[in-house]
Amino acid sequence: MAPPFIFPRTLLELEEDHDDDRLCVKNLVDASSLRASEVEEFVKGVSFDLSDKELFCVEDQDVFDRVYSLIRGYGCLPPSCKLNIVESLRSNVSVLLPNVDSLLRASQGQGEEIPVLDRVASHRNAFKIYTYFLLNIVLAEESNSGSNNSLKVTASTHRKKQPVNSWNWEAQRGRILSLIANSLEINLELLFGSSDPDENYLSFVTKNVFSLFEKPMLLKDSEAKDALCRIIGACSTKYHYMAQSSASMMHLIHKYDFVVAHMADAVADAEKKYADGSMAISLIRDIGRTNPKDYVRDTAGAENVGRFLVELADRLPKLVSTNIGILIPHFGGESYKIRNALVGVLGKLIAKAFKDVEGEVSSKSIRLRTKQAMLEILLERCRDMSAYTRSRVLQVWAELCEEHCISIGLWNEVAAVAAGRLEDKSAIVRKSALNLLIMMLQHNPFGPQLRIASFEATLDQYKKRLNELEPDMPSGDVNDDLPSDGDNCLGDGEVDNLDPGPVAKEHQDSLTDSCMSQPGEVTALQDSNLPDVGNLEQTRALVASLESGLRFSKCICATMPTIVQLMASSSATDVENAILLLMRCRQFQIDGSEECLRKMLPLVFSQDKSIYEAVENAFNSIYIRKNPVETAKNLSSLVIDSNIGDLAALEFIVGALVSKGDLSSSTISALWDIFCFNISGTTAEQSRGALSVLCMVANSSAGVLGSHLQDIIDIGFGRWAKVDPLLARTASLAIQRLSDDDKKKLLVTSGDRIFGILESLITGSWLPGNIWYAAVDKAIAAIYAIHPTPEAMAADMVRRTLNFVFNDAGDDLQNDSDPSKVGILTTVQVAKLSRCLFVISHVAMNQLVYIESCSKKIQKQKIAKEKMDAENQSKDSNGTAPPGIRKDTDINQELGLAASEDAALDALFEKAEKEIISGCSNEKNLIGICATFLSKLCRNFGLMQKYPELQASAMLALCRFMIIDVDFCDANLQLLFTVVESANSETVRSNCTIALGDLAVRFPNLLEPWTENMYARLRDPCVSVRKNAVLVLSHLILNDMMKVKGYINEMAVRLEDDDKRISSLAKLFFHELSKKGSNPIYNLLPDILSKLSNQNLTDESFCNIMQFLIASIKKDKQMESLVEKLCNRFSGVTDVRQCEHLSYCLSQLTFTERGMKKLIELFKTYEHALLEDSVMDHFRNIINKGKKFAKPELKSCIEEFEDKLQKFHMEIKEQEVAARNAHIHQQKIGSREGFTSAIDAEEHAESNISTAEEAGDEVSDPCTEKIALSKNDKLKNQHVDSEEQSAISSELTESDGGDIEVQSPLANKRGGTRSRTKKSTMEGKGDNTGKRTTRARRKVILDEPED
């Protein structure tokens, strides 16, 4: 019997001699040294022996040595030899495996045991040797393939292309691995003498199989991958090689992301094949026992482990659900990737682990409680600290919704969570929340329409039916007894015993149909038509379902304002998903969705291509239909209720549709049919909407309107215009947008008629007041667009308007050189005068536009002529042109005659513009006289306050005149700013604010001194005025029409405006400003900081403003420079509030290494501010941020700096306490000194009095009459010298009658001076003074001396 084969650690170890009796190599043949022919002969010999002899021949020493030699030199063998040796070994193993089963039968039939044991040992030896050599061949081939990168296609592809006898390793690899897998699945108990094979054998197989899992290209071969999974499953589960396999699998999962799914497949296949989930449980326990902090350090491994858990839960949901408790503690870990994975695991378990409801009631209850606990965890995780986890939870809820795993009882709770997450600070969470709401709408269990009115009407009817079914119950208790969303629910939130049954389902369909009424046509269901759903319990269930549907509809409806805000988000994903959600809401008829969808139209002007495409796709899907009539009606209805911004967006979209050909000619024909009332049921509003759309189409296709000129005149200005007055305005716009050919055609066919109609519209009064202004605006523009001499017709209209207002006083006004006679204002109607001023100012403005258009036409013709002359000159440059012409051209160029022609044209146009108002002589023209009258009218503030509507029209006309003429503007500029600051009407102030923007563009030099006044509009109490001021200033600054002056802090204050719209506009302004050049905010920031510190702002508002502005600075150099600038600003600042503001701004900067060093170097500049705790807190924040990015060297410097700051802070604190105590002590000492000086003064006074009495002189010294303050007053006084202390003390002097006289400190000082003067005088006189008598005054001390 051959010696036993023991698996070596390496292949070369077989060549070593061992003390024990084991099979090893005796005679090695170096295959690499043989010639090709010798190698082939050698291989043939080995193959012949393996096939001709017994299966056990491989354990013969000679055969073993030769086979080993070939395996050792396998890499240098030619393909044919490789094929022979592989086929020989594989075929022998294929024959050997069935013989293992025959050993059992042979052992039962043999009486002698020794031959059987020998055969078993031979089988075992051969089995080990074949397995060892075959696996070594696989390892050698895979190593060679990996180094050469030759594996590019799968095995199946090669099998189709390669002949049968050719060498195809991919095919052989799958066969070999499948054979080894089959060998592990047979009964090896007899071979190895126990249920588990030799541990060396299992160790060798698993070690090498796991190494093959590291080959990503190998795993793409499904046959090879399945075989590897089978081997792992058999070794781990069948042969209990669990611990080592689990460790190897965890190592692979942590290291390679591409093995995760294959590991899950291996575990799931083993559980299904052997009905043993021990390997899965072992892996779950290993993951659960891992320290959560390890996953924080190994982020890639955490992600792979998470994916593995999700894959395992998808394949083995029931097994994972019974062991999920091991993993739940990881929800408290710091790794968000593991939390994400656990959320995904719970989603898989809820969807798959609880579908089977069979079993006992107790086990069913436990499972439902487990499911309910999982649902609660998912709801709780919606508030996870990580945005990635919150996003993942919402994605899991969307998956559960798609799988119909959310019960009605839990539906509204999930919807409320999703609606709340729409306001999350993270964009990915908002995106997931939007997708979840879209999915909930798509899969909602309440019906195809979710209008609140329909639900309420139906719910009321069924509540009445429920009351009828419960006649004995009080009506007030009915609702209390109804099952709510959470009542009568099992652990998973599913309603128990509330299934209405098939009858209820049938009636539910009819109920859904009854709710499909059109918007605005909600009618209460009649009792006779109310579907009967069955008994009391079924009715209760239906009422509960209707209540849930009503709550869901209200929840979605309440999110509309938030969705509108998301459409203005800076994140493109927010905008795109918000649009998708609104489209889904419109599909289910959610209240308010149609209005919100209109607000997406201005987004077509977005520079983000994805947003533009999202809006365009949404517009096409909602409004563009295959039926052209439906498309025309949709567009007409959309235009009717749109505002100016929406109309501009619609015009842009329609132009794009026309240019792309998406708006077909049949749709345009349908629009004409609607306009001409050729479609039954068309209203005047729809006709106007159709004409508006056609005007939009005319911008891209000029000839569209020419085919229906007569219809535009007849319908637009006919009887239908009286039904819908705005139709006249739209018709005027259509005439204005005619092509040049159509304009000529109109003049020839209906010129007089159309001008008469337009003039009657302007001068007449048949239009309502609120529409007249808009119609006249377009009518005057239409006249200037098509009339050959519009100024003549305009002058006639102005005269007619003046006559109409002033009763034929227009000529007097024109001929009167002194238009100051405004007494006629008392006899005219304010409404007529307002209209008159509007017409005159609008004519003047259109005249200016007309002059500029004429200038452009002449310039264009001149350029075309010059271009033609240049072409002709180039053609004649060969000398054919007459020499005189060339000579004249050269002379003209030298003299600059071309430039002089341009200057003459410019002067001509300037003169024409000047003549509109000022005229070119002392005589004023028609509009000029009106302008003078208007200026004086606007200065009559009493009249303007009495008639605010007149003031609005007058100031609007005044602003238009100022825009036209520079002299008129200069003369009335102060008036304009006076009105814009003091006018009571918000409309007037708003209009004037907008006009200031136009004036700043046209006459920047005139407006430059008034810049501060323009910024002052940002402080207006009216929201609309502030909003317009922000818009105007943003336009001027961002387009370089106004320099950013020193008043930009007023715009910064608007960042914290109470109105969110204004705040958003201010943020947009600074965001766009930061993109210009090298970011002007960097240069403006110190100035803004200093001015904001002096303004009356709350600390919160100041911090929010500066945080936003500093966040817009991105460059490191600018941040470093700001550190220096802010530190230097500490010098000379003693105000505590300013120090706090400066330190806060420093804490908001992004510190680099250089910035931190600069902060440390400039310590002396801000050391005096470190006394305040708030300042110190900001510096601590800076240090904490610096430690995060600092390298070890810098970190040590920062720590030293921190110690220095803390030490200095404590020292200066101690100094402050000591100074305060010293001050208090000095104050006490000063009080004592004052008291002592008062006593000395009294003694001195008494001695003087006695001396004076002896001398017979009369002396009055007020210093002796002072009385010391009380003890309490002395402690409060500041420390002063004794003389000042006595000087400011009050005096109490007793008069003759006993009255007490109180003298002021100032009087005391003057009295003291006089007394000293008298005293010196008396001393000078000596005995020459006369004898006087005086009454002695007694000093009264009110307080006692201190102990």
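Predicted model, so just to flag it, every value in this text is computed and none were measured. The figures here come from the full heavy-atom set of this structure, side chains too, leaving out hydrogens, waters and symmetry mates. The residues of the chain are indexed from 1 along the displayed sequence.
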Can you tell me which residue among Leu580, Leu581, Ile579 is in a side-chain contact (heavy atoms from CB on, under 4.5 Å) with Leu434? Leu581
Spell out, as yes or no, whether a donor-acceptor pair under 3.5 Å connects the side chain of Ser593 to the backbone of Gln589. no
Considering only residues two or more places apart or on different chains, which pairs with a residue in residues 581-591 satisfy salt bridge (Lys or Arg N to Asp or Glu O under 4.0 Å)? Arg586-Glu594
Starting at CZ of Arg465, measure out to CG of Leu542 and round the result to the nearest 0.5 Å. 10.5 Å
Does a side-chain heavy-atom distance below 4.5 Å link Arg551 with Glu413? no
Residues Lys272, Asp269: salt bridge by 4.0 Å N-O rule: no
Supply the atom-to-atom distance Ile406 CD1 to Leu375 CG, rounded to the nearest 0.5 angstrom. 8.5 Å
What distance separates Glu613 CD from Asn620 CG, expressed to the nearest 0.5 Å? 11.5 Å
Sub-3.5 Å donor-acceptor pair from the side chain of Asp314 to the main-chain atoms of Val310, do we have one? no
Yes or no on side chain to side chain contact (heavy atoms under 4.5 Å, CB included) for Trp397 and Leu410, after CA distance, side-chain angles and deciding distance? CA-CA 11 Å; Trp397 279 116; Leu410 199 63; 3.8 Å; yes
Backbone of Ile338 reached by a side-chain donor or acceptor of His330 within 3.5 Å: no
Rounded to the nearest 0.5 Å, the CD1 atom of Ile281 sits from the CZ atom of Arg285 at a distance of 6.0 Å
Residue pair Ile611 / Glu576: nearest heavy atoms and the distance that separates them: N-OE2, 4.3 Å
Before giving the answer on salt bridge (charged side-chain N to carboxylate O under 4.0 Å, His left out), spell out for Asp574 and Lys431 the whole-Å C-alpha distance, their side-chain angles and the decisive distance to 0.1 Å. CA-CA 6 Å; Asp574 284 347; Lys431 177 183 178 181; over 6 Å; no
Between Ile408 and Pro445, the two heavy atoms sitting closest are CG1-CG, 4.0 Å
Closer than 3.5 angstrom, by distance alone: can the side chain of Asn340 be matched with the main-chain N or O of Thr389 as a donor-acceptor pair? yes
Could you walk me through whether Leu346 and Val396 satisfy the side chain to side chain contact (heavy atoms under 4.5 Å, CB included) test, starting with their C-alpha distance in whole Å, then the side-chain angles of each, then the deciding distance to 0.1 Å, before giving a yes or no? CA-CA 9 Å; Leu346 293 181; Val396 168; over 6 Å; no
What I'd like to find out is whether the side chain of Arg540 reaches to under 4.5 Å of the side chain of Val543, using heavy atoms alone. no
Donor-acceptor contacts under 3.5 Å from residues 556-568 side chains, at least two apart:
residue, atom, partner, partner atom, Å
Thr559, OG1, Ile556, O, 2.5

In a check of side-chain contact (heavy atoms from CB on, under 4.5 Å) between Leu378 and each of Val417, Val414, Val343, which one passes? Val343
Kindly say whether Leu394 contributes a backbone atom to a donor-acceptor pair with the side chain of Ser432 at under 3.5 angstrom? no
Tell me if the OH atom of Tyr388 is crowded by more than 12 foreign heavy atoms within 6.0 Å. no
Within the 4.5 Å heavy-atom criterion, are Gln461 and Thr458 side-chain neighbours or not? no
Within the distance-only criterion (no hydrogens, no angle test), does the side chain of Arg339 pair as donor or acceptor with the backbone N or O of Gly333 below 3.5 angstrom? yes
Return yes if some donor-acceptor pair links the side-chain N/O of Ser1063 with the main-chain N/O of Lys1060 below 3.5 Å, else return no. no
Shortest non-hydrogen contact from Pro602 toward Lys599: CD-O, 3.5 Å
Flag the pair Arg688 and Asp724 as a salt bridge only when some basic side-chain nitrogen lies within less than 4.0 angstrom of an acidic carboxylate oxygen. yes
Spacing of CG belonging to Asn435 relative to CD belonging to Gln395, to within rounding of 0.5 Å: 8.0 Å
Looking only at the side chains, is there a donor atom on one of Ser386 and Arg390 sitting less than 3.5 Å from an acceptor on the other? no
Do other residues, nucleotides or ligands put more than 12 heavy atoms under 6.0 Å from Glu334 CD? no
In the structure I gave you, are the side-chain heavy atoms of Leu536 and Leu466 within less than 4.5 Å of one another anywhere? yes
Tell me whether Asp460 is salt-bridged to Lys463, with the criterion being a basic N under 4.0 Å from an acidic carboxylate O. no
Below 4.5 Å, heavy atoms only, C-beta onward: do Phe619 and Leu601 meet side chain to side chain? yes
Ser335 versus Ala302, closest heavy-atom pair with distance: OG-CB, 3.8 Å
Pairwise side-chain contact, Leu450 with Leu441, heavy-atom cut-off 4.5 Å (strictly under): yes
CG/Leu349 to NZ/Lys318 distance, rounded to the nearest 0.5 angstrom? 12.0 Å
Output yes when a side-chain donor or acceptor of Arg430 lies under 3.5 Å from a complementary backbone atom of Asn577, and no otherwise. no
At their closest point, which heavy atom of Phe308 faces which heavy atom of Val267, and how far apart are they? CZ-CG2, 4.3 Å
I'd like to know if the side chain of Ser545 reaches the main chain of Ala541, judged simply by a donor and an acceptor atom lying under 3.5 Å from each other, with no hydrogens or angles considered. no
Would you indicate whether the side-chain heavy atoms of Asn444 and Trp411 approach each other to under 4.5 Å? yes
Check whether Ser391 reaches the backbone of Ala387 with its side chain - one donor and one acceptor, N or O, closer than 3.5 Å. no
Salt bridge Arg392-Glu399, side-chain N to carboxylate O under 4.0 Å: yes
Evaluate the side chain to side chain contact (heavy atoms under 4.5 Å, CB included) criterion for residues Val305 and Tyr295: first the C-alpha distance (whole Å), next the side-chain angles of each, then the deciding distance (0.1 Å), finally the verdict. CA-CA 9 Å; Val305 169; Tyr295 292 125; 4.0 Å; yes
If I compare all heavy atoms of Gln449 with all of Ser454, which pair ends up nearest, and what's the gap? NE2-CB, 3.4 Å
Strictly by modelled atom types, are Ser569 and Ser571 linked by a side-chain donor-acceptor pair under 3.5 Å? no
Looking only at side-chain N and O atoms, does Ser426 offer a donor or acceptor that is under 3.5 Å from a partner on Asp424? no
Student check: side-chain heavy atoms of Asn634 and Ile624 closer than 4.5 Å: no
Can Arg367 and Phe354 be said to form a side chain to side chain contact (heavy atoms under 4.5 Å, CB included), step by step? CA-CA 7 Å; Arg367 291 171 60 191; Phe354 303 99; 4.0 Å; yes
Ionic contact status for Arg598 with Glu595, cut-off 4.0 Å: no
In sequence, state the C-alpha distance, the side-chain angles, and the governing distance for Glu311 and Arg307, and then conclude on salt bridge (charged side-chain N to carboxylate O under 4.0 Å, His left out). CA-CA 6 Å; Glu311 296 284 348; Arg307 286 180 51 216; 5.4 Å; no
